[in-house]
Amino acid sequence: MSTKKEYAIKVDHVTKKFKIYYDKANTLKEQLVFWKSKSKVEERTVLDNINLEIKKGETVALVGTNGSGKSTLLKLMTKIIYPTKGKIITVGKLTSLLELGAGFHDDFTGRENIYFNASIFGLTKSEIDDKVDDIIAFSELGEFIDNPVRTYSSGMYMRLAFSVAINVNAEILLIDEILAVGDQHFQDKCFEKLEKLKHSDKTIVIVSHSLDSIRKLCDRAIWIKDGHIKMDGEANLVIDKYLEECK
Amino acid sequence: MQLAKNLYNYRELLKSNVKKEIRGKYKGSFLGVLWSFVNPLLQVAVYAIVFPYIMRVQTDNYLIYLIIGIIPWTFFTTVINQGMITVRMNAGIIKKVYFPREILPISVALSGLVNFLISCIIILLFCIFGGVGLSWHLIFLPIIAIIQFILTLGIVFALSAINIYIKDTEYLIAFVINMLFYATPILYEATLFPEKIRWILYLNPMTQLIDAYRNIFLYHQVPDLNGFIYLVLVAVILFFLGLFIFRKLEKGFAEEV
Ligand SMILES: Nc1ncnc2c1ncn2[C@@H]1O[C@H](COP(=O)(O)OP(=O)(O)OP(=O)(O)O)[C@@H](O)[C@H]1O
Ligand SMILES: [Mg+2]
């Protein structure tokens, strides 16, 4: 048997540049006027030729300072945005929790949003019917579940988003930062749940600045700096080095 | 094909989105449902009173003639108007989650189709009580409606994507649609024009479509075969062209929207 397990996410020579418009020409007239004088557009390279393979069943953390490109990398993996160069291959059903919001309709109730959100992740009605009670129970939102989500606090929002994402049974789970807004009780509960998922064959990529939780949860950490992978390896080692430099 | 696979996998999202579109239009109220019928009827009433005075030509069953023009036209314009802005309106979820983006324009077009088929009840009522009656030619109705659906969807694919990059597409198209209304024999008959230049009118697929609807509802005839072939061709070409443009542009939606 080969020791090399198959990958769940493969990042292949990926470069991502963002165009920064200082004065965005959006109407036809403006675009015609600015046709030649493209002076107002600047390109910023956020990720520069990144190569990365995340194997099936791994729990990986992305660390780095603010603005180093962690969220950008997750968005690329989710296919919300696309690389300027290179390609990203993901194998299996993927669910992501990026920042707050996760794609809710503000005027829908929590319960309706469970259906809406889970259907965005590609579930059918009967599949959601089976899970809706678990999702509500996990969120501990009680009777708030039938209130419109625009009345929710950010922690409640996150509870709902996390509960859906964790219950849709995706093979790959991408989580960006959002755990930070939960109260202590719910954060602990989330990490417990992630701990459990870690020992199944799920692949988890998590971005977080709470390095202690990462040490406990992740086997591997990837440190991104200046658009490159500065270090990739055992979580404790990488975090120690990262902390050293942060001082 | 990627499109069919996406639609199958995300059928629940498609379903709830279509429901949302329809529910949004009616705002959940009975009055809302009523409005979507009353609106084209009022339009028809105004034209039916005013137009015969302006034009001296008499059209048989002018009221029914008018209704069969207005209702498919309303189907066309509502889908274009709502479809054009659908990607922009959903910027929030586009930035936060992945889902096949084509679900958005397709939902708008589907809800338009459902709406249209319901509105056809009005046409039927007018035909029955207006003395025209009904005939077996109605079996062509679903086919023609689906051709219109495909054609409009193609246009909406292209426009919804382009509108993200060029913001005044919306205004430009609103103007074009207004012009197109008069370039389509909705209020008047195509025979108003001399035979030599009438073919220009028939290049417009909306002319062909409304002609076909009138054939089956009003004249109890099989739709014109040449016109039908032309329609299918235009619809298929527009559909794939629109989808192609959408595929080219959709990768930038989250950044540009
Ligand atoms: N849509 C965009 N247009 C232009 N620049 C962008 C865009 N999105 C991100 N950037 C830039 O890309 C860089 C990386 O951003 P990113 O959000 O990935 O950082 P991060 O590592 O997640 O930071 P944080 O720890 O603060 O969440 C930043 O410099 C940011 O300004
Ligand atoms: Mg971030």
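The chains referred to below are lettered A, B, ... by the order of the sequence lines, with proteins before strands, and numbering in each begins at 1.
A:Phe108 touches chain B through its side chain: at least one heavy atom from C-beta onward sits under 4.5 Å away, while N, CA, C and O do not. Neither the backbone nor the side chain of B:Leu14 comes within less than 4.5 Å of any heavy atom in chain A. In this structure, no portion of A:Glu127 lies under 4.5 Å from any heavy atom of chain B.
The aromatic ring centroids of B:Trp199 and B:Tyr202 lie 6.0 Å or more from each other.
Ranked by non-hydrogen atom pairs under 4.5 Å with chain A, the options B:Phe99, B:Tyr10, B:Phe253 are led by B:Tyr10. Of the listed residues (A:Asp107, A:Leu123, A:Ile80, A:Ile128), the one with the most heavy-atom contacts under 4.5 Å to chain B is A:Ile80.
A donor-acceptor contact shorter than 3.5 Å links the side chain of A:Asn113 to the backbone of A:His105.
Contact annotation: the side chain of A:His209 approaches that of A:Lys70 to within less than 4.5 Å [non-hydrogen atoms, C-beta and beyond].
Screening A:Phe162, A:Phe186, A:Phe104 for a ring pair (Phe, Tyr, Trp, His ring centres under 6.0 Å) with A:Tyr157, the sole residue that qualifies is A:Phe104.
One finds a salt bridge joining B:Glu255 and A:Lys16 here, because a Lys/Arg side-chain nitrogen approaches an Asp/Glu carboxylate oxygen to under 4.0 Å.
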